[in-house]
Amino acid sequence: PVSCIPGGVAQPLPKAKTDRMERLSREALGLATELVAVFKKTLTSGTGATPSLPLETHYLGLVNKAAGNGPGALDHYQGELRLRSPDGSTYDFPEERWTDHLYEEAVPTSYAKHVFCQLPDAEPVTYRVGPLARLNCCDFIDTPLAQAELETFRELGGFPCHETVSYHFARGIELLYAAEKLVELFGDEETYSDQVRNQPQHGPRDATGVLEAPRGVLIHDYKVDENGLLTDVNLMVATQQNIPSINAVVGMSAERFLDQPDALLLNGIEFGVRCYDPCLSCATHRIGEMKLDVLVRHGGEVVRRVRR
């Protein structure tokens with residue numbers, strides 16, 4: 001929370017504005033607490049409003065082991081990458097070593113490359129990223145309200161949780177975590193410091209950035225020449241990493257609703273896709289208005305086609 005005047009000189013914000021930010025952060029925490037309660041009630045009501053879409057996979061997420069080699073906390077910005085297997089075992093590796101374990105492969109069924117994780121002496125596996133993956137990968141959350149909800153989440157869904165619809169519950173818990181962090185940040189004097197920029201101490205060099213975007217692990221890899229001009233760029237986005245799982249859930253939904261009316265088949269598939277929040281163009285469509293062209297084949301023959 002600083003303002004910049006021409007010349008790039010940072011100036012602390014007036015106290016009235018910082019007080020307002022702190023007040024708004026506490027208001028956001030209250031709203032997030034109420035929203036998580038609604039999420040939990042809806043997803044555990046047993047009304048059948050949210051179809052079960054269990055999918056057993058590996059999961060990838062950042063964990064912060066600030067205390068050393070102990071448990072890993074949920075973190076969106078820093079830490080190590082952790083792959084958690086369906087049986088609960090984990091393998092951690094530094095984010096800068098991602099190329100040792102993650103690789104892309106073109107497939108004939110998609111315009112997007114699939115991403116695989118290769119661990120030492122093991123077969124490559126696909127995995128899921130995003131809110132569900134982050135809660136499956138971390139050992140704990142370092143804010144009290146979100147940690148309490150994490151414990152409930154694991155009591156209800158098991159650990160690791162493989163229920164795809166739990167992506168939504170996980171989003172609610174992360175929203176609560178973010179609101180708690182906001183309150184912490186606006187209560188920290190360092191947040192209001194005018195020291196907002198460090199002068200670089202070296203020349204241009206290659207760099208990789210890894211963080212947790214809302215949809216999951218996001219990797220930007222850049223190579224530059226001596227003038228700092230980009231010579232190669234590779235972006236590995238969350239939706240790309242989730243595509244094999246999205247495909248599996250689409251197939252699961254199509255099979256479940258194949259003999260149902262068109263609206264139920266389309267809505268069932270849409271529901272499965274939305275669990276992953278795959279892209280803005282899909283996320284901004286109102287429920288029931290996502291453009292879909294469903295073509296179901298069996299033995300090479302088309303058995304049903306539905307369009308919206």
Side-chain angles (χ1 to χ4, degrees), residues 21-55 57 59-64 71-77 79 82 84 128-188 211-218 238 242 245 249 270-278 280 282-284 286-287:
M21 289 179 177
E22 186 171 357
R23 176 177 59 80
L24 289 175
S25 69
R26 295 187 180 281
E27 182 180 328
L29 178 56
L31 292 172
T33 302
E34 293 180 21
L35 188 58
V36 169
V38 173
F39 277 21
K40 185 162 50 178
K41 181 179 179 180
T42 301
L43 295 172
T44 61
S45 62
T47 61
T50 53
S52 175
L53 295 168
L55 182 63
T57 64
Y59 300 90
L60 185 73
L62 278 177
V63 294
N64 190 344
L74 174 70
D75 201 299
H76 292 160
Y77 298 104
R82 168 174 290 174
R84 188 177 291 279
R128 290 197 273 187
V129 297
L132 178 63
R134 287 190 285 263
L135 295 197
N136 277 335
C137 286
C138 75
D139 295 310
F140 69 99
I141 299 177
D142 64 356
T143 60
L145 297 181
Q147 172 61 24
E149 293 297 341
L150 175 65
E151 293 170 7
T152 300
F153 179 84
R154 290 178 173 174
E155 289 174 5
L156 294 173
F159 179 58
C161 174
H162 299 301
E163 180 56 68
T164 304
V165 69
S166 293
Y167 262 94
H168 296 310
F169 190 3
R171 282 190 183 91
I173 295 173
E174 287 198 314
L175 181 64
L176 182 59
Y177 163 72
E180 288 185 280
K181 283 294 184 181
L182 273 178
V183 173
E184 286 184 12
L185 288 170
F186 287 124
D188 185 349
L211 56 75
E212 288 282 1
R215 294 177 180 89
V217 173
L218 174 63
N242 276 332
S245 298
V249 167
E270 177 178 344
F271 180 87
V273 171
R274 283 184 180 276
C275 289
Y276 295 90
D277 185 24
L280 286 176
C282 293
T284 53
R286 289 181 294 179
I287 293 176

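Numbers here simply count residues along the sequence, with the first being 1.
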Side chain to side chain contact (heavy atoms under 4.5 Å, CB included) evaluation trace for T143 with L176: CA-CA 9 Å; T143 60; L176 182 59; over 6 Å; no
With side chain to side chain contact (heavy atoms under 4.5 Å, CB included) as the criterion, how do Y177 and D142 come out once you've worked through the C-alpha distance, each side chain's angles and the decisive distance to 0.1 Å? CA-CA 8 Å; Y177 163 72; D142 64 356; 3.6 Å; yes
Gap between atom [atom2] of [Y] and atom [atom1] of [X] - 0.5 Å precision:
X    : Y    : atom1 : atom2 : answer
L132 : Y276 : CG    : OH    : 8.0 Å
F186 : L24  : CZ    : CG    : 8.5 Å
I173 : T152 : CD1   : OG1   : 7.5 Å

Within-4.5 Å side-chain heavy-atom neighbours: [X] and [Y]:
X    : Y    : result
L150 : L135 : yes
T42  : F169 : no
P160 : R154 : no
V63  : L74  : no

Contact list for residues 143-152, test salt bridge (Lys or Arg N to Asp or Glu O under 4.0 Å), sequence neighbours left out: K40-E149
Under 3.5 Å, side chain of R84 to main-chain N/O of L60, donor-acceptor pair present? no
Do N136 side-chain atoms and C161 backbone N/O form a donor-acceptor pair below 3.5 Å?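 The answer is yes, because a donor-acceptor pair under 3.5 Å joins these two groups.
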Residues forming a salt bridge (Lys or Arg N to Asp or Glu O under 4.0 Å) with E184, sequence neighbours excluded: K181
All pairs passing side chain to side chain donor-acceptor pair (under 3.5 Å) where residues 158-172 contributes a residue, at least two apart: S52-E163, Y59-H162, R128-T164, H168-R171
With A178, which residues qualify under side-chain contact (heavy atoms from CB on, under 4.5 Å), at least two apart?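 For A178 there are no side-chain contact (heavy atoms from CB on, under 4.5 Å) partners, ignoring immediate neighbours.
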Sequence neighbours excluded, which residues qualify as side-chain contact (heavy atoms from CB on, under 4.5 Å) partners of A73? F140
For [X] and [Y], work out which heavy atoms get closest and say how close.
X    : Y    : result
D75  : E212 : O-CG, 3.7 Å
G272 : L53  : CA-CD1, 3.8 Å
G61  : C137 : N-SG, 3.4 Å
P214 : R134 : O-NH2, 2.9 Å

Test side chain to side chain contact (heavy atoms under 4.5 Å, CB included) applied to L62 and H76, step by step: CA-CA 7 Å; L62 278 177; H76 292 160; over 6 Å; no
N/O donor-acceptor pairs under 3.5 Å from side chains in residues 25-33, not counting sequence neighbours:
unit_1 : atom_1 : unit_2 : atom_2 : d
S25    : OG     : E22    : O      : 2.6
T33    : OG1    : L29    : O      : 2.8

Pair L175-L35, side chain to side chain contact (heavy atoms under 4.5 Å, CB included): steps then yes or no: CA-CA 9 Å; L175 181 64; L35 188 58; 3.5 Å; yes
